[in-house]
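Bear in mind that the values here come from a model prediction, so they are computed numbers and not experimental data. Both ligands and their constituent atoms are indexed starting at 1 by order of listing.
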Amino acid sequence: MKKDSRLLRIGVLGCGPIAQFAHFESCTKARNADLYAICDVAEDLVERMAATHAPTRRFLDYDRMLADPDLEAVIVATADAFHVPAAIRALEAGKHVLVEKPLGQAVEEVEALGRVVRRTGLLLQVGHMKRFDPGLQAARDFVAGEMGEMLALKAWYCDSTHRYVMTDAVQPLPVASRQQRRPAGDPKADLRRYHMLAHGSHLVDTARFFGGEIVELQARLKESFGARCWFVDVGFAGGAIGHLDLTVAVRMDWHEGLQIYGEHGSVVARTYNPWYFRSSDVEIFHERDATYQRPLGADGHFYRRQVEGFADAILHGRPLAGAGIEDGIAAVRVMAAIARSVETGRPARPAEVGGAV
Ligand SMILES: NC(=O)c1ccc[n+]([C@@H]2O[C@H](COP(=O)([O-])OP(=O)(O)OC[C@H]3O[C@@H](n4cnc5c(N)ncnc54)[C@H](O)[C@@H]3O)[C@@H](O)[C@H]2O)c1
């Protein structure tokens, strides 16, 4: 991989699965970033990861990593419950932040983080890495540039019962440690909440990436045979109507994608499980000459591409291609509104909800 002359010195907080599967390699391969430091409370894990990925520095204590004057940015790759406090500590130490999705678990905590981002003037990007899927990026360019008015958007994210068989076949074996820090309580004790945070966060961000702000919604949840299906009718600020389908898990292959109907064309996209590192299959229909366009998107390493976008924004002032703080807050608000709508059976407005997802 050819490297730029100026590299963003990144420290990764957490040596768990997502760091092992995505962030260490992404920082190493990114043309404009350097895996400067890694940090975890689990010493054995840090040693194993340092031997493989060769960061310049290694830390067992987050505050010591943040005190390093050469460190410029942090990737927060910890459990959801630690995202907001870890991001705030990094910002207060003067470091830019790329924080894993979801930004947080409740409206109030992400709003508090938003205030710190605005006060410090530092950059915060949320790890909604599907925004770096080249197929989806080509579709987004069409929607923003040529499609004209959006009539409607349908998006679906349906995890498969066979998912772990598939991902175990392509991912390296994760290395675990008894010393790893876990949040209090079991995040999987409430599966409605867990699935919404883990999977719904991707669906909501993709819908917003294409459709813009979601101003109102009405959600229904059906639970049967251990599966959960949320159908959500949404209204976008631009006037388009939408339908979101989050199902965990379908009795078939991974099933994720979207359809968009616009004034001067349409988009149909099929998205793969991310661990195949394969760009979405996208068909863009241009009404002007009645042709279909099907971008290849050869570079499907969304995780490396999101690090490159983050570093370009910090080092060269390029516009943020990823999800920023307002996108992260909006996604949490939409997920909380879905939860309130399911609880009450009534419509909910993301701008007006509070509380946990
Ligand atoms: N974007 C994606 O496709 C994707 C995929 C999987 C997971 N994720 C997200 O990644 C995040 C992390 O997932 P995971 O499975 O790697 O989590 P994990 O909890 O298994 O691992 C996190 C690691 O961070 C360490 N840690 C936590 N707090 C620490 C602290 N204060 N100081 C030092 N070390 C600390 C823990 O010891 C642990 O080793 C989750 O929020 C998840 O939603 C994103």
Report the nearest protein non-hydrogen atom to [atom]: residue, atom name, distance rounded to 0.1 Å.
atom                    : value
atom 21 (O) of ligand 1 : Gly16 CA, 3.5 Å
atom 14 (P) of ligand 1 : Pro17 CD, 3.8 Å
atom 4 (C) of ligand 1  : Ile18 CD1, 3.4 Å

Heavy atom of [X], distance to ligand 1 below 4.0 Å:
X      : result
Ala198 : no
Gly127 : yes
Arg182 : yes

Identify which of [options] has a heavy atom lying nearest to [atom].
atom                    : options                       : value
atom 26 (N) of ligand 1 : Thr78, Asn273, Val126, Asp80  : Thr78
atom 8 (N) of ligand 1  : Met65, His23, Glu100          : Glu100
atom 30 (C) of ligand 1 : Lys101, His199, Met49, Arg181 : Arg181

Would you call [X] and [Y] a side-chain contact if the rule is heavy atoms closer than 4.5 Å?
X      : Y      : result
Glu100 : Ile18  : yes
Arg192 : Leu221 : yes
Cys39  : Met65  : yes

Without hydrogens or angle criteria, can the side chains of [X] and [Y] be said to hold a donor-acceptor pair below 3.5 Å?
X      : Y      : value
Arg178 : Gln180 : no
His199 : Tyr157 : yes
His286 : Gln293 : yes
Asp253 : Ser160 : no

Which atoms of ligand 1 sit under 4.0 Å from any heavy atom of [X]?
X      : answer
Met129 : 1 (N), 3 (O)
Val41  : 32 (N), 33 (C), 34 (N), 37 (O)
Gly14  : 23 (C), 24 (O), 25 (C)
Gln180 : 37 (O), 38 (C), 39 (O)
Asp40  : 23 (C), 24 (O), 25 (C), 33 (C), 34 (N), 36 (C), 37 (O), 38 (C), 39 (O)

Please work out whether any backbone atom (N, CA, C, O) or any side-chain heavy atom from C-beta onward of [X] is under 4.0 Å from ligand 1, and answer side chain, backbone, both or neither.
X      : value
Ala42  : neither
Tyr303 : side chain
Leu13  : side chain
Ala77  : backbone
His83  : side chain

**Prompt:** Angle class for the Trp230/His195 ring planes (parallel below 30°, perpendicular above 60°, tilted otherwise)?
**Reply:** perpendicular
**Asked** Are there more than 12 heavy atoms of other residues, nucleotides or ligands under 6.0 Å from atom CZ of Arg251?
**Response**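 Correct, the count exceeds 12.
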**Prompt:** Do the numbers put Arg278 on top of the ring of Tyr272, so that NZ or CZ is under 6.0 Å from the six-membered ring centre and no more than 45° off the axis?
**Reply:**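 Positive - Arg278 is close enough to the ring of Tyr272 and near enough to its axis.
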**Prompt:** Is it true that Trp275 and Tyr303 have ring centroids separated by less than 6.0 Å?
**Reply:** yes
**Asked** Only one of Val175, Thr78, Val41, Ile38 clears side-chain contact (heavy atoms from CB on, under 4.5 Å) with Cys15; which?
**Response** Ile38
